[in-house]
Amino acid sequence: MFNIFSKKTTNVNKSNRESEMSKVKLITLLDLVKNGEEINLNIKNEDAYEGDALLARARVLILDGITIHFSEWAEWTITINVHHDNNTFSVYSNNELIIDWENETIEHGLKHSNRDIELEWTHEGKWCEYITSTVHDLKKKLDKHREDTIRLDNLEKERQYQLKEKAENDQKEYFNQVFKSKK
């Protein structure tokens, strides 16, 4: 198992591609927390309701040694914790965000920003690389699942279209034969 509680590490002179891969966009985390069940990720739904009215959203993505919390109480908060045995350590927390859950957008609450806000670790260590690579792998899996779903939907639509065309051609042929004999 990967030991996430080893000494602090720093990244030195990475290429642009490696540097991009070492970053995590908050929108990617939102996508995984919101839609991860599509690829059987362990998402704990802790939404709070009063009757049928939604009071606050709270979702937790549970991975091996990691939890990623999105919660909307008085304000939106994203927290990433690492876990081992009974120890928990918060390595990222941000409550200065404006999150639109339905439209899947994230902005800084204190300044204007776009969807590409990147995670800035509260505490750096080996977990950064582990979490980053895990998130990127899961995002690729989720994107591939979406592509496969679209492809399968398109194949099914084409199959349905072909079946409809065949049925219509069979009907057309049948009635051509019926009316041919009426001459």
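These numbers come from the heavy atoms of this one structure, side chains and all, not from hydrogens, waters or symmetry mates. Just so it is clear, the structure is predicted and the values come from calculations on it, not from any experiment.
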Does a salt bridge link D170 with K166, judged by any charged N lying under 4.0 Å from a carboxylate O? yes
Scan for ring-ring contact (aromatic ring centres under 6.0 Å, His included) pairs involving residues 45-82, sequence neighbours excluded, and state none if there are none. W76-W101
How about E50: does its CD atom have over 12 heavy atoms from other parts shown lying under 6.0 Å from it? no
Taking the hydrophobic residues Ile, Leu, Val, Met, Phe, Trp and Tyr, and joining any pair whose side-chain heavy atoms are under 4.5 Å apart, which ones share a cluster with L55? none
Test log, rule side chain to side chain donor-acceptor pair (under 3.5 Å), inputs N176 and Y174: CA-CA 5 Å; N176 276 335; Y174 170 78; over 6 Å; no
To check you understand the geometry: which heavy-atom pair defines the closest contact between T88 and N81, and what is its length? CG2-CB, 3.8 Å
Could you tell me whether a side-chain N or O of N103 sits under 3.5 Å from a main-chain N or O of T105, the two making a donor and an acceptor? no
When every non-hydrogen atom of I68 is compared with those of L29, the smallest separation belongs to CD1-CD2, 3.8 Å
Apply the test side chain to side chain donor-acceptor pair (under 3.5 Å) to residues N42 and E37: give CA-CA distance (whole Å), side-chain angles for both, the deciding distance (0.1 Å), then the verdict. CA-CA 7 Å; N42 185 3; E37 289 175 335; over 6 Å; no
What do the steps show when you test L119 against T28 for side chain to side chain contact (heavy atoms under 4.5 Å, CB included), and what is the final call? CA-CA 10 Å; L119 186 148; T28 300; over 6 Å; no
Would you name the heavy atoms of S90 and T79 that are closest together and state the gap between them? OG-CG2, 3.7 Å
T67 and L61: CA distance, side-chain angles, deciding distance, side chain to side chain contact (heavy atoms under 4.5 Å, CB included) verdict: CA-CA 6 Å; T67 54; L61 170 58; over 6 Å; no
Examine distances only and state if a side-chain atom of E46 and a backbone atom of R59 form a donor-acceptor pair shorter than 3.5 Å. no
Is the shortest side-chain N to carboxylate O distance from D31 to K25 below 4.0 Å? no
Checking T132 side chain against K23 main chain: does a donor-acceptor pair fall under 3.5 Å? no
For the side chain of N45 and the backbone of D47, is there at least one donor-acceptor N/O pair under 3.5 Å apart? yes
Report the C-alpha distance between Q177 and E173 in whole Å, list the side-chain angles of each, state the deciding distance to 0.1 Å, and finish with yes or no for side chain to side chain contact (heavy atoms under 4.5 Å, CB included). CA-CA 6 Å; Q177 292 299 321; E173 183 62 32; 3.0 Å; yes
Minimal non-hydrogen separation, T122 against S93, with atom names: OG1-N, 3.3 Å
May I ask you to say whether D143 pairs ionically with R146, meaning some side-chain N is under 4.0 Å from a carboxylate O? yes
Between E124 and W121, what is the shortest heavy-atom contact and its length? CG-CB, 3.8 Å
Working to the nearest 0.5 Å, report the span between NE2 of H123 and CD1 of I80. 12.5 Å
Minimum heavy-atom separation for L142 to E38, with atom names? CD1-OE1, 3.7 Å
Between D148 and K144, does at least one N-O distance fall below 4.0 Å, as a salt bridge requires? yes
